[in-house]
Amino acid sequence: MNKEIEKKQNEGASAPTQHFIRQIIADDYKTNKWGGRVQTRFPPEPNGYLHIGHAKSICLNFGLAIENNGLTNLRFDDTNPEKESDEYVRSIIEDVKWLGFDWGDRLYYASDYFEQLYDFAVQLIKMGKAFVCDLSPQEIKDYRGTLTESGKESPYRYRPVEENLELFEQMRQGKFPEESHVLRAKIDMASPNLNMRDPVIYRIKYAQHHRTGDKWCIYPMYDYTHCLSDSIERITHSICTLEFEDHRPLYDWVLEELDVFHSQQIEFARLNLTYTVMSKRKLLELVESKVVNGWNDPRMPTISGLRRRGFTPAAIRNFSELVGVSKKESVVDYALLEYCIREDLNKTAQRAMAVLNPLKIVITNYPDDLEEELDAINNPENLEAGSRKIPFSKEIYIEKDDFMENPPKRFYRLAPGREVRLRYAYFITCNEVIKDENGEIIELRCTYDPASRGGASPDGRRVMGTIHWVSARHSKKVELRLYDHLFLKEDPYDFPEGGDVLDNLNPNSLVKIAAFVEPSLMKAKPTERFQFERVGYFCADEYDSNEGQPVFNRTATLRDSWAKIAGKS
RNA sequence: UGGGAUGUGGCCAAGCGGUAAGGCACCGCCCUUUGGAGGCGGCAUUCGCAGGUUCGAAUCCUGCCAUCCCAGCCA
């Protein structure tokens with residue numbers, strides 16, 4: 001009974017769905033494991049742009065902290081100078097901020113801890129838990145053994161502590177070339193977990209680090225750095241993806257041996273989306289091969305790409321919550337992301353009219369030189385958004401698709417002899433179809449009912465449908481970029497032997513067209529979002545729009561139930 | 001053939017021994033000056049499979065099957 005009541009209350013409050021990490025935190029609260037404290041971190045490596053998968057992690061980490069009055073740190077995991085750069089740092093900071101999260105003054109870099117990490121390494125050496133190994137990379141690999149056979153111990157494994165100390169110091173001083181020496185943890189070469197077979201924890205790299213420059217020539221490895229960084233920051237719940245599950249014993253080993261604050265690593269399944277690839281390597285490839293126009297191309301699943309496409313932070317946050325958190329590897333339907341952006345934009349985007357594929361109509365009984373200003377509601381979902389004036393005149397454009405000479409049963413747009421409503425304007429009836437010498441319909445002759453001004457039905461008569469339009473004389477021409485999935489297949493990795501995801505590229509993922517739009521749209525500011533009625537959601541491109549001459553990106557189409565009906569017959 | 005994980009409707013996902021939440025998608029109907037939005041209804045006799053324990057199992061036990069991850073001086 002109590003359970004039922006609790007359930008009902010949760011439903012009423014539309015409580016977020018329970019998941020195992022929330023459960024762990026709730027349990028920790030009960031056992032007072034962390035003294036009631038929750039502190040998470042988002043730890044990107046600055047070696048690429050963030051994508052929607054990272055967004056899920058960001059929302060999870062920051063969200064969990066917010067829910068529990070905790071804190072979240074932003075920490076760059078910058079231990080591999082060869083791949084990292086400041087450009088990536090800046091883009092990541094911008095993206096996390098844009099998503100709406102705040103890390104206060106807790107912006108950290110693993111590289112901030114290099115000195116402490118070095119000291120911890122010295123400590124491990126002194127404890128006899130780490131040693132300098134002179135084996136070459138190939139030898140280390142050979143000594144590691146295989147999945148089914150245990151490895152062999154390095155001949156340097158039992159080097160005296162003093163010698164290790166001296167060698168490690170010399171490594172730091174740049175006395176050795178790259179690949180000549182590494183520092184290894186001394187754990188167990190027979191472990192069935194390869195990560196525990198005396199893992200390398202420091203390697204020599206003569207590379208410029210984006211923050212420390214050439215101060216260091218030895219760099220700590222991820223496994224050694226991450227756990228200690230979490231510990232230093234007193235992270236309670238260190239959330240990462242499934243592939244690190246095998247690394248947890250090493251994470252725990254380092255913290256236990258050093259006897260320091262022991263954060264808990266928790267793994268969840270990364271996000272996958274249909275019709276898209278999520279690996280940084282593949283995304284980099286798309287950028288470098290110019291398949292797309294940069295990391296922020298609106299077809300990219302990057303946060304900057306989605307932003308440019310017109311997605312909102314709220315939609316992405318909602319999406320992150322709706323997909324759930326579990327340990328099951330899954331692929332989320334892109335339709336859910338579309339649902340989230342439509343739901344948000346439906347409530348917030350101003351409406352406007354745009355004709356993408358124009359068909360001219362001459363309203364024969366409308367005065368030649370009359371021009372009217374008709375009232376149009378800016379957002380039926382939010383009347384406070386007010387209204388605007390739209391010019392009307394004798395010649396207008398409607399969508400080619402909104403007319404059919406021989407309409408099928410359930411088509412209730414314009415057809416010979418039929419009457420439709422021009423949104424916010426008049427009822428018109430089609431009297432004549434004009435074709436060119438090829439039989440192509442090039443113009444329609446219609447009459448209008450002056451009594452239907454504004455679109456109201458003067459005598460209560462019903463019209464089949466309402467269509468959008470623009471005044472030919474007043475409309476403006478703008479560039480529209482119609483985006484579609486970058487890949488043709490739900491699973492871009494579904495290709496025959498020897499193939500590649502690039503074989504599954506959608507050749508029509510970007511179609512640029514010129515459209516006729518109502519004049520008010522010329523004032524659109526970069527990044528401003530609109531719903532072009534009956535067409536879709538569009539966003540003025542942040543980079544290619546010019547003052548008074550916007551370029552629009554299609555964020556998503558509107559749901560199109562006519563397409564479904566038409567598709568069935 | 002080693003180790004680690006995961007299997008609940010088309011896609012996600014709750015469920016924690018008392019008789020299958022919710023969302024997306026889909027299908028009806030209603031409503032509508034966006035075939036948008038909204039409203040209402042439908043959509044797993046069954047939880048990878050097979051046994052077992054129990055009055056009772058998606059939940060516990062045993063076995064099997066499938067899928068994913070691991071042999072970077074990447075993270």
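Numbered from 1 within each chain, the chains take letters A, B, ... in sequence-line order. It should be emphasised that the depicted structure is a prediction, and the values quoted were computed from it without experimental measurement.
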> Any side-chain hydrogen bond (donor to acceptor under 3.5 Å, both in side chains) pairs touching residues 185-201 of chain A, not counting sequence neighbours?
Replying inline: Arg157(A)-Asp198(A)
>> So if I take residues 331-346 of chain A and measure heavy-atom distances to RNA chain B, which residues fall below 4.0 Å?
In response: Val331(A), Val332(A), Asp333(A), Ala335(A), Leu336(A), Tyr339(A), Asn346(A)
> Which value, in whole Å, describes the distance between the P atoms of nucleotides A57(B) and G52(B)?
Replying inline: 12 Å
> Less than 4.0 Å between a side-chain N and a carboxylate O, is that true for Arg461(A) and Asp449(A)?
Replying inline: yes
> Can you tell which of G4(B), G35(B), C73(B) lies closest to the side chain of Phe411(A)?
Replying inline: G35(B)
> Which listed nucleotide (U34(B), G72(B), U6(B)) is nearest to the side chain of Lys141(A)?
Replying inline: G72(B)
>> Less than 4.0 angstrom from a charged side-chain N to a carboxylate O is my criterion; do Lys205(A) and Glu82(A) meet it?
In response: yes
>> With a 4.0 Å cutoff (strictly under), does any side-chain N or O of Arg410(A) reach OP1 or OP2 of G35(B)?
In response: no
> Where the side chain of Tyr222(A) is concerned, which of A75(B), G2(B), G35(B) is the nearest nucleotide?
Replying inline: A75(B)
> Looking at A14(B), C70(B), G36(B), which one has an atom nearest to any side-chain atom of Ser326(A)?
Replying inline: A14(B)
> OP1 or OP2 of C26(B) sitting under 4.0 Å from any side-chain N/O of Lys564(A)?
Replying inline: yes
> Donor-acceptor pair under 3.5 Å: do we get one between Glu245(A)'s side chain and the base of G3(B)?
Replying inline: no
>> Is there a side-chain contact between Tyr143(A) and Cys133(A) in this structure, where contact means two heavy atoms from C-beta onward sitting under 4.5 Å apart?
In response: no
Could you list the protein-to-nucleotides 66-69 of chain B atom pairs, N/O on both sides, closer than 3.5 Å?
residue : atom : partner   : partner atom : Å
C68(B)  : O2'  : Glu329(A) : OE1          : 3.3
C68(B)  : O2'  : Glu329(A) : OE2          : 2.3

>> Tell me which pairs pass salt bridge (charged side-chain N to carboxylate O under 4.0 Å, His left out) where either residue lies in residues 316-339 of chain A, with sequence neighbours left out.
In response: Arg22(A)-Glu321(A), Glu245(A)-Lys327(A), Glu267(A)-Lys327(A), Glu338(A)-Arg342(A)
> Taking only residues two or more places apart in sequence or in another chain, which ones pass ring-ring contact (aromatic ring centres under 6.0 Å, His included) with Phe168(A)?
Replying inline: Tyr118(A), Tyr202(A)
> Can we say Arg75(A) and Asp230(A) salt-bridge, meaning some charged N sits less than 4.0 Å from an Asp/Glu carboxylate O?
Replying inline: yes
>> Counting only side-chain heavy atoms from C-beta out, which of A21(B), G72(B), U33(B) sits nearest to Arg423(A)?
In response: U33(B)
> Choosing from G36(B), A14(B), A71(B), which nucleotide comes nearest the side chain of Ser561(A)?
Replying inline: G36(B)
>> Can you pull out the residues from residues 347-356 of chain A that lie within a 4.0 Å heavy-atom distance of RNA chain B?
In response: Arg351(A)
